[in-house]
Amino acid sequence: MTSSSPTLSDVASKTGYRARLPDDSGFIDWPEQDNVTWHTLMQRQLGMLEGRVCQEYLDGLERLALPEDRIPQLADIDRVLHAATGWQTAQVPALIPFDTFFELLANRRFPVATFIRTPEELDYLKEPDIFHEIFGHCPMLTNPAFAEFTATYGRLGLAAGPKERVYLARLYWMTVEFGLVDTPAGRRIYGGGIISSPKETLHALSDVPEHLPFDPIEALRTPYRIDILQPLYYVLDELSTLHELSQQDIMGMVHRAMELGLHAPRFKPAPKAAKAKA
Ligand SMILES: [Fe+2]
């Protein structure tokens with residue numbers, strides 16, 4: 001680590017978690033309790049995903065060969081991602097500024113906060129932990145269409161102004177985090193926010209929420225709350241739509257969405273203002 005790196009006492013997250021810092025070789029020595037939490041989460045989600053998650057995710061999961069009994073080391077993830085799509089992870093302490101987030105994505109580096117939820121917060125936590133980032137997102141980053149779209153999003157975000165970024169964040173939310181996709185086998189999950197949450201996995205494919213065909217301008221106009229099960233999901237015809245979208249004028253779509261304005265929310269306001277998570 002360089003002398004400018006944060007020390008352990010500097011890196012408490014907003015919700016009080018502390019990132020585990022790697023040693024000089026990049027290795028993180030996870031405590032046993034954290035490995036047990038990973039094991040519990042992995043086992044529970046693996047049992048739920050069959051028949052609910054898209055094949056591209058399962059292919060990525062197989063390729064990553066995540067250990068079940070311990071938190072994986074980022075270098076092992078990086079080897080697989082880099083060979084598949086040129087992506088890598090980036091170790092970060094917690095939620096990071098938008099600028100850093102977009103810059104990392106534009107450079108095909110996916111930020112991973114190196115802490116894991118406590119057993120008391122097994123079902124839900126407000127901040128993305130390593131289980132969400134690795135188990136939820138990294139398998140999809142082995143897919144070229146998804147990988148290209150995510151990097152494009154980073155490049156656009158880096159060049160965007162603050163208002164444009166808030167719109168872009170909605171597109172990310174409705175795809176990378178909470179996207180569904182139709183497949184020959186049926187409707188499936190590809191969004192990491194769903195994949196890392198047992199409750200949302202069941203909810204997303206139930207008949208409770210609304211499902212709408214994916215339309216980028218509509219997604220850009222749809223407000224969301226981070227702390228509730230989503231009332232609405234956008235469904236892709238196929239995953240390659242994301243690749244096609246990344247070749248299109250997304251900033252033009254952002255400007256069109258800004259002209260049209262936001263849709264009325266399908267939820268009650270958060271008790272405290274829920275901050276948009278990228
Ligand atoms: Fe995420």
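Read the numbers this way: they start at 1 and go in the same order the structure lists the ligands and their atoms. Values below: every heavy atom of this structure, side chains too, minus hydrogens, waters and symmetry copies.
The Fe ion (ligand 1) lies at the vertex of an angle of 90° between the NE2 atom of His132 and the NE2 atom of His137 (rounded to 10°).
Scanning for side chain to side chain contact (heavy atoms under 4.5 Å, CB included) contacts around Ala185 gives Thr183, Arg188, with sequence neighbours left out. With sequence neighbours excluded, no residue satisfies ring-ring contact (aromatic ring centres under 6.0 Å, His included) with Tyr234.
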Full working for ring-ring contact (aromatic ring centres under 6.0 Å, His included) between Phe267 and Tyr224
CA-CA 8 Å; Phe267 48 77; Tyr224 63 85; 8.3 Å; no
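Using a cut-off of 2.8 Å, one finds that Glu133 contributes no N/O/S atom close to the Fe ion (ligand 1).
For Glu177, the N, O or S atom with the smallest separation from the Fe ion (ligand 1) is OE2.
Using modelled atom types, one finds a donor on one side chain and an acceptor on the other under 3.5 Å when comparing Arg187 with His211.
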